[in-house]
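Keep in mind it's a predicted model, so treat the numbers as computed, not measured.
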Amino acid sequence: MAKKVLEKIPGKKPRPIEGHKPAAAVLRGVVDMVYGKAWEAKKRGELVGWSSSKFPIELAKAFDLNVVYPENHAATTAAKKDGLRLCQAAEDMGYDNDICGYARISLAFAAGEPTDSRKMPQPDFLLCCNNICNMMTKWYENIARIHNIPLIMVDIPFSNTVDTPEEKVDYLIGQFDHAIKQLEELTGKKFDEKKFEDACARANRTAAAWLKSCNYMSYKPSPLSGFDLFNHMADIVAARCEEEAAIGFELLAQEFEQSIKEGTSTWEYPEEHRILFEGIPCWPGLRPLFEPLKNNGVNVTAVVYAPAFGFRYENIREMAAAYCKAPCSVCIETGVEWRETMAKENGISGALVNYNRSCKPWSGAMPEIERRWKEDLGIPVVHFDGDQADERNFSTEQYNTRVQGLVEIMDERKALRMENGEEVYTNFENTKETDWSKTTIE
């Protein structure tokens, strides 16, 4: 397929809400604020922790603890092209290059390997849970050994049923109670119920605004690209209990609403195709990921990674159940339902899957999930080899070839649908209607 480069659509660009800074600028300031507060606390001699991204941080907020996030730090380090050096430093320490790139970057940094990508204070304690994957446990255990510091662990077992059973919620409430006792011992303070409730309220407000922003991808044309959401992952990870994050995401949703009314979009190219992008982005190669999609008018309008951080709940039991819902900790049926519903609501015509070497639990489930997409949605699916942090595991040439193949198939199917007067994109009405294995393009 000959390379094509689409020109930007002439017209107005999205604009900030009257009287406000652009939401993206506001949210960048929020992350800087979180890390700035942690450094200030460290200078005052106060405790500063490192936390896994899906730990129930509301518990720590009841003690006014300042916390930063190794996953966020590792992603930023990788995006700033310093991840490979830290990965290699961890390998020199004896860690295998087959483990998660985030973990290798973090372990090297914890052991004293410097990086200028984002300044992050070293930890006095650790908060970890395994709803992301069980590798998190060993990652944080090793950091605890390096610094000889407390590790507070919340065990969130894999969900092998669609619904979260009450006995599992009971188990998690016990885990929360134990974590609270450990935090009381660590800080010398009693658990503050009011501060906890306030943190939960802020977290829910932030999650609601974040999910609302994500849902604007369902509009045709979309007022945004899914890559915009990737740019805000640090905000929803590091600051979901901060009022400033809630304000920033509410402003972002208002901007998308305004774009719909004014006919503008952060996606400035013809929307020839809409696809689902599966997995964590390859942070060292965001531009190589985006360029061939842009050049072919392929907008990402469905991603599961971003809304997976929108935890909503009304009480402590619902909170426990909410934290069970992570992409790698739910059963295949739940994972398929999440993605297929999003595909139908957001109107896609294909899927692009990152077989992420750093995230084997996620990638391990993908062959079956891909098979279900093809069967249930009738869409073409292609995958590529990638990595969220280690650039050695991503080939630009392979990726470009896979995108070209996906575009060719989508072009053919789009032409056939238009010829038959059918809706171009997947939706709730047109799924399972066409057996693509029996159709040809003359």
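- Using the six-membered ring where Trp is involved, Y305 and F230 have ring planes that are tilted, between 30° and 60° apart.
- Proximity of a side-chain donor or acceptor of R202 to a complementary backbone N or O of C241 within less than 3.5 Å is detected.
- Of the charged side-chain nitrogens involved, none lies within less than 4.0 Å of a carboxylate oxygen, so that R240 and D235 do not count as a salt-bridged pair.
- Comment: R392 engages E91 in a salt bridge, judged by a side-chain N to carboxylate O separation of less than 4.0 angstrom.
- Sorted by first and then second residue, the ring pair (Phe, Tyr, Trp, His ring centres under 6.0 Å) pairs involving residues 358-383 (not counting sequence neighbours) are Y355-H383.
- Note on K220 versus E271: no salt bridge recorded, every NZ/NE/NH1/NH2 to OD/OE distance being 4.0 Å or above.
- Side-chain N or O atoms of S106 include none that pairs as donor or acceptor with a backbone N or O of Y102 at under 3.5 Å.
- A salt bridge links K138 with E141; the closest basic N to acidic carboxylate O contact falls under 4.0 Å.
- Electrostatic pairing of E250 and K212 does not count as a salt bridge here, judged by no charged N lying under 4.0 Å from a carboxylate O.
- Under the 3.5 Å distance criterion, the side-chain polar atoms of H147 are matched with a main-chain donor or acceptor of A110.
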Please list every donor-acceptor pair under 3.5 Å in which a side-chain atom of residues 178-187 meets a protein atom from a residue at least two apart or in another chain.
unit_1	atom_1	unit_2	atom_2	d
E184	OE2	F191	N	3.0
T187	OG1	L183	O	2.8
T187	OG1	K189	N	3.2

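- Between D198 and K195, no side-chain nitrogen of the basic residue sits less than 4.0 Å from a carboxylate oxygen of the acidic one, so the salt-bridge criterion is not met.
- For the pairing with R357, the salt bridge (charged side-chain N to carboxylate O under 4.0 Å, His left out) check across D387, D390, D98 returns one residue only, D98.
- Among residues at least two apart or in separate chains, salt bridge (charged side-chain N to carboxylate O under 4.0 Å, His left out) pairs with a member in residues 276-285 are E278-R339.
- Here the SG-CZ distance, from C128 to F55, works out to 8.5 Å after rounding to the nearest 0.5 Å.
- Using a 4.0 Å cut-off between charged nitrogen and carboxylate oxygen, K294 and E291 count as a salt-bridge pair.
- Residues S259 and P14 come closest through the heavy atom pair OG-CB, 3.6 Å.
- Pairs passing the ring pair (Phe, Tyr, Trp, His ring centres under 6.0 Å) check and including a residue from residues 322-347, sequence neighbours excluded, read F311-Y323.
- Remark: R312 engages no residue in a salt bridge (Lys or Arg N to Asp or Glu O under 4.0 Å) (not counting sequence neighbours).
- Among residues two or more places apart in sequence or in another chain, the side-chain hydrogen bond (donor to acceptor under 3.5 Å, both in side chains) test is passed with S53 by E71.
- Comment: K37 does not engage E46 in a salt bridge, judged by the lack of any side-chain N to carboxylate O separation of less than 4.0 angstrom.
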